[in-house]
Amino acid sequence: MTFTKLQHGSSAASIWHYLYYALRCGDAVAGAELLRTSTSTNAAVSARIQQLAKFQGPNNTCLWESNSSESLPEATNKADLSDLLARRQNVATPFELAVLGLLLLDKDESSALSSVLQTIEDYVYVQLYLAGDDEQALEALGASICDFGPSHFETSNPHQNDGGWSFAFPLLLSQQYRSALSHLAQTGGPRGLLEATHLAILLGSDLSKVDVGAAAADYSSCVLTSLLVEFAKQLQPVDPEAAIVYLVRIPADARKRTELAKLLVETRQYERLAGVVGANGQRIVPRSPPALVKYLEGDTAQVSATLEEAGRLAKNLRETCELFHLAERYDLLLQSINEELARQLEEPITSPDRKYWMDAARTFYEEHLGTRATKDYVTAVLQQRHATGRAETTKTLLKLMDAVDLLTKQDFKAATATLDELGWIPSSPADVPNKAALYQHRLAGDPVLQRVYGPVLAQATNSLFAQWNLVKHSGMMMDVSTPVPQRLKSLQTQAQAILNLAGRVGNLNDATIAKMTNMVAHMG
């Protein structure tokens, strides 16, 4: 009874004080123990307390922990207790009347308690006791606490700030968990958010009890998740590993994955939090695993899915590729690389971005797909994802970009050899149907290569026109054995074939087609 500031056996308190506080807390067993040392109570009172103690059981701390699914039992001597209460209205102490009112479980007798309800704890505990398993009564209590509002419970002294607990405490007692936790988080500052978050974790499934007027759908998950996310945001700048400890507690897997992915993107500490990729393309798990792996309990599927989502959320393509690489999503990595290579194909060869992506793609291909020693794992992943064709696309795009570079530098012989190796450029009008079939059938399942086919044809036409000018005006030829007129005609014929193919491919804009047409006409 320390919390009541009463000392057993002192003259300041009678047995009725102790019985009241024991019953107010729902501990009938404690009340029965008190009666063994006292002879100042009525037999009906003793019998009723023994009845409640038996219902509670010796191993439970309060009546509501009883394994019984039944409500608190009615008093066997209810008539005697009611008579006792009626006869003592004018002579009994307030605490004696309060005990009798509690033993009767009669809400109509609550007036007998009014003189001892001095604190909010008294009021709430007594109402909880009288409500028992009556859900409507419990809801009414919660509604009344909410209606009072924080100002009813908080002190007016600005120097006595309890961080929101003066209102949160009665809300918790009346099972208005969301309102209590929200109030703590919003009014208690960083400490209030910390306390609300940890309370939500401890409450766990009890959060499924819906506040008065709140929607029931995904209620407990919503309350816990919002607090975990907000608290993790406070930790993230100073200790992202600690933030992960809280985010992994989010009940819904999809939301958990999203919040973890956001943390990775915002901190950009990929290796520190998720690990590194080994020479064979497999993510390395050291003896002391990084936080994401550790707190997802080594679930490689969850780790990869989180890294993949982080890649989708990343702020730029370089980070996206780094995260896809770390996630071992080589299908998505190659798709991203290929789309960027296709875009860079038409950029000036002096562009730093163009050089970066060519070098990055070539390095990845050579390290993970170009040699037998390291390609097995990455190839297996691509096969599992039905994406082996994307590696060939990367190889083709790199060759095309090499050819374009050579054409720009007017190394026509080397460029022609590369293009001939790919088999993309028609040598004559008779070859156009074959190349159109290549576009329509062999490249039909590869939209990236289909998209660059037209621009490559345009570059090839530019090359032929440049060669034609060199031969026409300076007599310079790669093959000196061919007469100049014959060489000029050959260049014009191939350019016309390319123009015909470009019209059939149909993925070049009108301006480019017009430019190609003018060049071919000039060569005629």
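Side chains are part of it too, since the values below use all heavy atoms of this structure and drop only hydrogens, waters and symmetry mates.
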How far apart are the closest heavy atoms of [X] and [Y], and which atoms are they?
X	Y	answer
T418	K399	CG2-O, 3.5 Å
V293	V303	CA-CG2, 4.1 Å
A342	V448	CB-CG1, 3.8 Å
I145	S174	CG1-OG, 4.0 Å
A196	L227	O-CD1, 3.7 Å

So, the side chain of [X] versus the backbone of [Y]: is there a donor-acceptor pair under 3.5 Å, distance only?
X	Y	answer
T225	I250	no
R329	F324	no
K435	G423	yes
S304	A301	no
Y453	W424	yes
D411	L407	no
Y295	A242	no
E346	P455	no

No-hydrogen, no-angle side-chain donor-acceptor test under 3.5 Å, [X] and [Y]:
X	Y	answer
T258	E309	yes
Y377	E328	yes
S428	D431	no
N500	Q496	yes

Taking side chain as C-beta onward, heavy atoms only, is [X] less than 4.5 Å from [Y]?
X	Y	answer
Q269	P240	yes
L508	M516	yes
V452	L400	yes
L317	W357	yes
W468	M519	no
R283	V276	no
V456	L345	yes
V223	Y177	no

- Query: Looking at residues at least two apart in the chain, or sitting in another chain, which of them share a side chain to side chain donor-acceptor pair (under 3.5 Å) with T393?
  - Reply: D446
- How would you list, by chain and number, every residue that makes a side chain to side chain donor-acceptor pair (under 3.5 Å) with D402, sequence neighbours excluded? R362
If you measure from [atom1] on [X] to [atom2] on [Y], what distance do you get to the nearest 0.5 Å?
X	Y	atom1	atom2	value
N338	R343	CG	CZ	14.0 Å
Q486	L491	CD	CG	11.0 Å
T394	I337	OG1	CD1	6.5 Å
L172	L181	CG	CG	6.0 Å
L247	R257	CG	CZ	13.5 Å

Please, which pairs that meet salt bridge (charged side-chain N to carboxylate O under 4.0 Å, His left out) have at least one residue in [range], sequence neighbours excluded?
range	result
residues 180-203	R191-E195
residues 379-394	none
residues 225-250	E230-K233, E241-R272

- Item | Ring-ring centroid check F231 H198, cutoff 6.0 Å | yes
- Task: Walk me through it: do S463 and Q467 pass the test side-chain hydrogen bond (donor to acceptor under 3.5 Å, both in side chains)?
- Result: CA-CA 6 Å; S463 168; Q467 292 179 66; 3.1 Å; yes
- Query: If you count the non-hydrogen atoms of other residues, nucleotides and ligands that lie under 6.0 Å from CZ in R268, is the total more than 12?
  - Reply: no
- Heavy atoms from other residues, nucleotides or ligands near CG of N316 exceed 12 (cutoff 6.0 Å): yes
- Return the set of residues passing ring-ring contact (aromatic ring centres under 6.0 Å, His included) with H152 (not counting sequence neighbours), or none when no residue passes. F148
- Worked verdict on E319 versus Y270 for side-chain hydrogen bond (donor to acceptor under 3.5 Å, both in side chains): CA-CA 10 Å; E319 292 181 13; Y270 312 139; 3.1 Å; yes
